[in-house]
Structure formats: C-alpha cells, structure tokens
Amino acid sequence: MSLQNPHLLSTEINYLTGLPNIIKPGETLSQVLHSYNGANATVYIQGTWNVNGNITPQGIDIIVLNGGKITSTSGTFMVSDKSSLTVQSGGEVNCNIFSTATNVVIKNFGTIKTKEVSGQNGLNTGTVLYNASDALFQVEDKFIITSSQIYNHGTISLTAENAYMQANKTSAACLIANYEKATIKGNRIQAGATIVNSGTIEVNILENSSTDFLYNNCLLIVKNTFKFRNVVLDQASITGGRTNPSDKEWLPVPLVESLNSAQYTLIDGSMIKAKEFKVQSGSQVTFKAINKAKEDRSMIKAEDIYFEWHTYVQGNMVLEGKQYNPERSHIDASVASTGYDESKYTIETCGGIFNEGNEGEDPYTPEIPVVDDATTYTYVFEDNWPKYGDFDLNDIVLTLNNRSTQANSNGNLKSAQFEITLEAVGASKIVGAGIRFLGLPASVTPSTFTIKGNNASFEAGQSLPTLILFESAHAEFGFTDRPFINTYQTASTNKADLPQYAVRFEFTESDKISSSAFNINNLDVFIITKASDQKTKRTEVHIAGYAPTDLANTTLFGQANDDSSLASKRYYLSNENLTWGIVIPDTFAWPLETKNIKDVYTEFANWVTSGGKENKDWYKNHNGQVFKK
C-alpha cells in the first residue's frame, strides 16, 4: 500500500512492510503507524505527519526528507522498538515531548525541536543521537539522557531560563561528545556522564555526579558554577565567557569547586579561570600540569584559592591568586605561584588568548606564612594511635615559628631556618619527634645543616630527607622518669624553660632548591610512640593526610579506631574522620590532662569530621579546661 491518496491517509495502516511508503508533498498523515510481523518498514516523509496525542511508531524507519515535517503539539513522540529516525537537511520534527525506546538510532541533519526530551527515560539506554554539522536539536525545557550517547557536530540548544540536560547519575555508559565547531548551549548540565568537548559548551551551571569524566580540548564556558571531580584539559580552557564577542577579556567562572578526591590534569598550556576556586577533601586530591606537544605552562587562575584538605599541585603549573589554608597544600617546587594578574605567562587555546602575561614581574613561589597566615604553628598529638585513648591531644605539643628563607638572583634557595619548641608532654611512654622534608630531593646534601648550632644529619634508610629532633621528650626536659609536663595547671613537674631547636640549612647554587621546599605544608612533623625492634618497625603518628615514613610500621593501619589505607592513600584518620595529629595555624591552648578535646573545644569535632570545611575558627573558643602559660 502506498501512502499517496489523502483519503487513505486517515485510515488505519498496519501492513507497511516492504512497501515504498511515502507521504508526498502536500499530503498529511494524522495517525500512528505500526509495522507488525517482526519486520521493519520504511516511511519517507516529504509532506506532513501531524498527530495530536502520542506517536509511538514501532518497527518503522522514519526518514524526514527536505521539506518534510513531523508535528505533534501534545503527547509524546516516542521512537519505539526496532525503529529509527533520520531527519535530512531541510526536514523538521516539532513535538511536545520526544523520547526513545532502548537501542534506537536518531540521525539529525535538519531540525528537531521539542519542549522536552523525557518520557520514560528520555534518550533511553543504548540510544545513539547523531546531530550533524549545521543540524539543530533544540529543547525548551529538560533533556534526559539514560545510558545513551550523543555525538554532536552541530548545535544542541536548551532555550528556557531554567532548562537542563541531565545525564544518568548511576551509570558510566552515558557519553556526550561535542565535536570541533559544534555547540552545546543552555542553562545547566547535570552530568553523570563522560563529556568530551572539542567545540564549545556554554552553560550557566555544569555539575557532576560520582560517574563523571570531562575531557575538554577547546572552549568550555561556565557562567555561574562548575563542580566536577575528574577533569582533563588538553590545550583548553574553562572560563566564564565574555561580556561581548569582541571583548578580549575572558571573565572568570564565579565558582569552581573540585569535588571529593578530585583529579585534574591540565595539558600543554591549559587554563581554569575563576573568581573562587575551592578544593574539597579526598584521599588523593591532585592538580597536575603535564606537557605532551608543547612546553607551555598551564594555569589555575583565581582571585581566591581555598585548600580545604591536603591537596597536591604538581608539574608545569602556575597558581595565580591568593591562597588560603596553604598548610593543606603540597605544592611541588616546579609550580610557580603568584598574586592575581601578576604572572608573566600567556595562555592561548583554541578560543584565543585567555591570559595576557604580566612581563613586569616574574612569578614566584610565596613563602609561608603568606598574607593572613599565622607566624606560629602549633602541632598537637595523641600517642595512643590506633586507639583514641583519652583524646586530649596533649601527649606532645610542639610549636614551629621564625621560618625564613633567602634566595639568590635565580630564585634558588641559599638558606632556610626555623625554630621548633617542645611545649608540653602529656605522655607516660617514651615519645620522640621528627620532621620529614617533603620538598627536598632525596639526594640533597646541604653545605650547612645544624640544630642548636651543632652539625646534624638526616636519618638513614629514608627515601626523603628526615630529621629526628629527639628520641625522648621527657629527657629533653631533664627527667629520667616520665612525668606529665605542662598538662596539669599546677603540677610540680611543669617547666617554663622549654627545649628549643633552631634548625638551619645552607645550600649551594648547584642544589637548585626552591623556596617552596620550606612551605609549612612541606614540613611533615610527626611523633614516634614506639621505637623499632628486631622484628617490628617503629610506630609513628603523623598529621592527618601525611603518609608514614619508610621506617614506620603500617600493620596497625585499619586497627582499633584507625581507618587508614595505603591503597587509598588515606593516612591517620579514623572511621569518624577524626585524627591523632593536627596543626593549628596559631598559638593554641591545649586541653588539660584527660580532658577530651571534643569536650574542651565543642566545635572541634564538626571541624575535623567536615574535612576542615566548617567551624574553621574552632580553636579560638574553649570551655576553660586548657593549660594556661
């Protein structure tokens, strides 16, 4: 049966298999088509297929030719089982709701416009949407993608003010591929998907779920909020766009937030430009700049950069902006840090020049403390790890201050010095203390290395330079027994004369040591609560997030209250996210003996279990049960 007579077009048509079914120019079909008997039919549309209500063709390959139209002002147009839809150049589909069954192929060379892509699952599992060059896929409101793939060479547009594209949030099978010269534009993309962008994506909000991955090697514009976990930029940028197309200045994204355990890789001169850049917590948060085809530096540029947890910044990277909580960052010597708009580096990607270098001032790695950073750091430890013990965090109290570095004209370190003071001992066991220098190369040999003016040396058997300050805290105060010192307010064993350790280094030009080697985050202060014997390595307690040294016993990981894991690179944290060692960027009144720090400082537990995101000034308010000097 050929669909040629307009009087026949209003009757029920079921048996289309194998026939050249054509809706000719000027003809209108107003009913649903079905092909039965398990075989597909093909319908060519040169005229109009206009249906009020649901359209659910089954077993039909629909081809909309130049001048042909499918219109459905109400209901759902669902490309159902064993069907496909091809819209040729000059063809058009205009419907209320568009959806597909599973494993459907949609090829658009013309125009598809719909209020929603939703229905049961929108683009359903296994569906492939190919949107060709010069083709338009326009969605007014919401665009749901369920374990399906989009290959866009043309334009995908979300037009309503609050429109959004939502990818499946529980499956990694979703793919959104935006090719060179292609555009995806709208309000928001909620991505539980792999996004590959070689063209332009322009949205207000781009946020992810746990299954995300973004590979961007061109232009990504986010005008409000970018929240992602796994990101690769390959000679690409993330910015807030431009006010006018003719403007040279690229605006910052108001908020860029890397989600838990983020991994960002910037390749060959890529850039993220933000107003606020917030780094969330995770077992291994890393921002790395690498070079494959070019030697250009990559850049993270933000007015304010907040480190909320221990974060590793590596490779040929520039950090440009004011850094907060720098003690939570581990910045390689290869990374250059500057103030906002102060680096000399020019960043240029496929969208043009994104950063005009400031040649008036060389980049530098700021010394710690920086603006708003305290000059004294207090380290407090609990010696009962992996058990909580009394959790008064006063078993060893150390302060570190008077840090200074001096560099030569090439920016290489000439000297560095700091002082450590042993303030209190609330332990009844033998406890030692050491420092591992994370920013110094393993082979470094300072021309001068002294403690208290006496020659010193690094500990043998370590892959990173490690200094043992003392082996017995009580002996440092002159005791042969092990009393509590400065943890009871009026104890006869309290001491006002405190042991101090002035540490000084001098380096030669050939050492080429960066000043960042002595940033506070590169000084891993730890305690030793049990010395090694012939069978067992020693027991160490580090600040949360710092790995044990090569000489530490890690068999206690995961025991008692501890939730550390070498495989996950999670160190010295309990299953409640509490820690046996903390550093406070200020002077600090430590709890009296046996007084749990969670009771003395009521905001402490919320601060530490939130990964440092809440109650950041917890150490300024206590109940009075603290040692007063």
Side-chain angles (χ1 to χ4, degrees), residues 22-30 32-33 42-57 60-80 83-101 104-119 122-124 127-145 148-161 163-165 176-187 189 199-203:
I22 301 173
I23 303 175
K24 290 186 175 182
E27 293 181 337
T28 300
L29 177 68
S30 58
V32 175
L33 301 179
T42 302
V43 174
Y44 297 92
I45 301 175
Q46 293 177 307
T48 300
W49 184 10
N50 183 13
V51 177
N52 291 323
N54 295 334
I55 306 175
T56 57
I60 298 177
D61 294 321
I62 303 169
I63 301 175
V64 184
L65 300 175
N66 185 11
K69 293 183 180 180
I70 297 177
T71 60
S72 174
T73 57
S74 63
T76 299
F77 176 24
M78 181 176 182
V79 184
S80 298
S83 297
S84 68
L85 172 65
T86 300
V87 182
Q88 297 284 14
S89 179
E92 183 177 338
V93 173
N94 198 325
C95 61
N96 179 47
I97 298 176
F98 185 89
S99 69
T100 75
V104 168
V105 175
I106 308 295
K107 297 179 182 179
N108 181 34
F109 299 85
T111 300
I112 298 177
K113 294 183 179 180
T114 182
K115 182 178 180 181
E116 298 179 4
V117 178
S118 56
L123 295 187
N124 211 332
T127 291
V128 173
L129 168 61
Y130 175 83
N131 200 51
S133 176
D134 298 325
L136 171 64
F137 197 106
Q138 180 177 297
V139 181
E140 180 181 338
D141 193 0
K142 59 184 177 181
F143 192 156
I144 307 300
I145 307 167
S148 50
Q149 295 84 48
I150 295 176
Y151 300 94
N152 181 43
H153 294 262
T155 299
I156 295 177
S157 177
L158 308 175
T159 60
E161 181 179 355
Y164 63 91
M165 176 185 289
I176 302 171
N178 195 51
Y179 289 83
E180 186 177 359
K181 299 182 180 180
T183 299
I184 298 176
K185 187 173 183 179
N187 171 54
I189 298 177
T200 300
I201 296 178
E202 182 176 344
V203 293

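- Residues Phe98 and Thr114 share a closest heavy-atom pair of N-OG1, 3.4 Å.
- Ser83 places a side-chain N or O within donor-acceptor distance of the main-chain N or O of Ile60, the cut-off being under 3.5 Å.
- Remark: side-chain polar atoms of Thr127 are paired, donor with acceptor, to backbone N or O of Ala101 under 3.5 angstrom.
- The six-membered or imidazole ring of Tyr130 lies away from that of Tyr151, with a centre-to-centre distance of 6.0 Å or more.
- When Ile106, Ile112, Thr111 are each tested for a side chain to side chain contact (heavy atoms under 4.5 Å, CB included) with Val93, only one passes: Ile112.
- By the 4.5 Å heavy-atom criterion applied to side chains, Lys69 and Asn94 are not counted as neighbours.
- With Ser72 contributing its side chain and Ser74 its backbone, the two residues share a donor-acceptor pair below 3.5 Å.
- Under a 3.5 Å cut-off, the side chain of Ser148 and the backbone N or O of Leu123 do form a donor-acceptor pair.
- Judged by distance alone, the side chain of Ser80 and the main-chain N or O of Met78 form a donor-acceptor pair under 3.5 Å.
- A donor-acceptor pair under 3.5 Å is absent between the side-chain atoms of Asn131 and the main chain of Asn152, judged by distance alone.
- One distance of note links CD1 of Ile184 with CD1 of Ile201; it measures 4.5 Å at 0.5 Å rounding.
- Between Glu116 and Val139, the shortest heavy-atom contact is CA-CG1, 4.1 Å.
- Put simply, CD1 on Ile63 and OG1 on Thr86 are 5.5 Å apart, with the number rounded to the nearest 0.5 Å.
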- Evaluation steps, side-chain contact (heavy atoms from CB on, under 4.5 Å), between Ile70 and Glu92: CA-CA 6 Å; Ile70 297 177; Glu92 183 177 338; over 6 Å; no
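- When side chains are defined from C-beta on, Phe143 does not count as touching Ile189, because their heavy atoms never get closer than 4.5 Å.
- Although no hydrogens or angles enter the test, the distance criterion places a donor-acceptor pair under 3.5 Å between the side chain of Asn96 and the main chain of Gly75.
- With respect to Thr71, the side chain to side chain donor-acceptor pair (under 3.5 Å) criterion is satisfied by exactly one of Thr48, Thr28, Asn50: Asn50.
- Under a 3.5 Å cut-off, the side chain of Thr100 and the backbone N or O of Asn124 do form a donor-acceptor pair.
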- Item | side-chain contact (heavy atoms from CB on, under 4.5 Å) evaluation trace for Val104 with Leu85 | CA-CA 8 Å; Val104 168; Leu85 172 65; over 6 Å; no
- Item | Intermediate values then yes/no, side-chain contact (heavy atoms from CB on, under 4.5 Å), Ile62 and Trp49 | CA-CA 11 Å; Ile62 303 169; Trp49 184 10; 3.7 Å; yes
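- Put simply, the side chain of Leu136 reaches to within 4.5 Å of the side chain of Lys113, judged on heavy atoms.
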- Message: Pair Thr159, Gln138 - check side-chain contact (heavy atoms from CB on, under 4.5 Å), show working.
- Response: CA-CA 7 Å; Thr159 60; Gln138 180 177 297; 3.6 Å; yes
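- Taking OG of Ser133 as the start and CZ of Phe109 as the end, the distance is 10.5 Å to the nearest 0.5 Å.
- Using a 4.5 Å heavy-atom threshold, the side chains of Asp61 and Val43 count as separate.
- For the atom pair Lys142 NZ and Met165 CE, the distance stands at 14.5 Å (nearest 0.5 Å).
- A donor-acceptor pair is defined here as one N or O able to donate and one able to accept, closer than 3.5 Å; no such pair exists between the side chain of Thr183 and the backbone of Thr155.
- The line from CD of Gln88 to CD1 of Ile45 is 12.0 Å long, rounded to the nearest 0.5 Å.
- Ser99 and Ser118 get closest at one heavy-atom pair: CB-O, 3.6 Å.
- Counting heavy atoms from C-beta outward, Glu27 and Leu29 have side chains that stay 4.5 Å or more apart.
- For the pair Phe77 and Ile97, the minimum side-chain heavy-atom distance is 4.5 Å or more.
- Summarising the geometry, atom NE2 belonging to His153 is positioned 10.5 Å from atom CD belonging to Glu180; distances are rounded to the nearest 0.5 Å.
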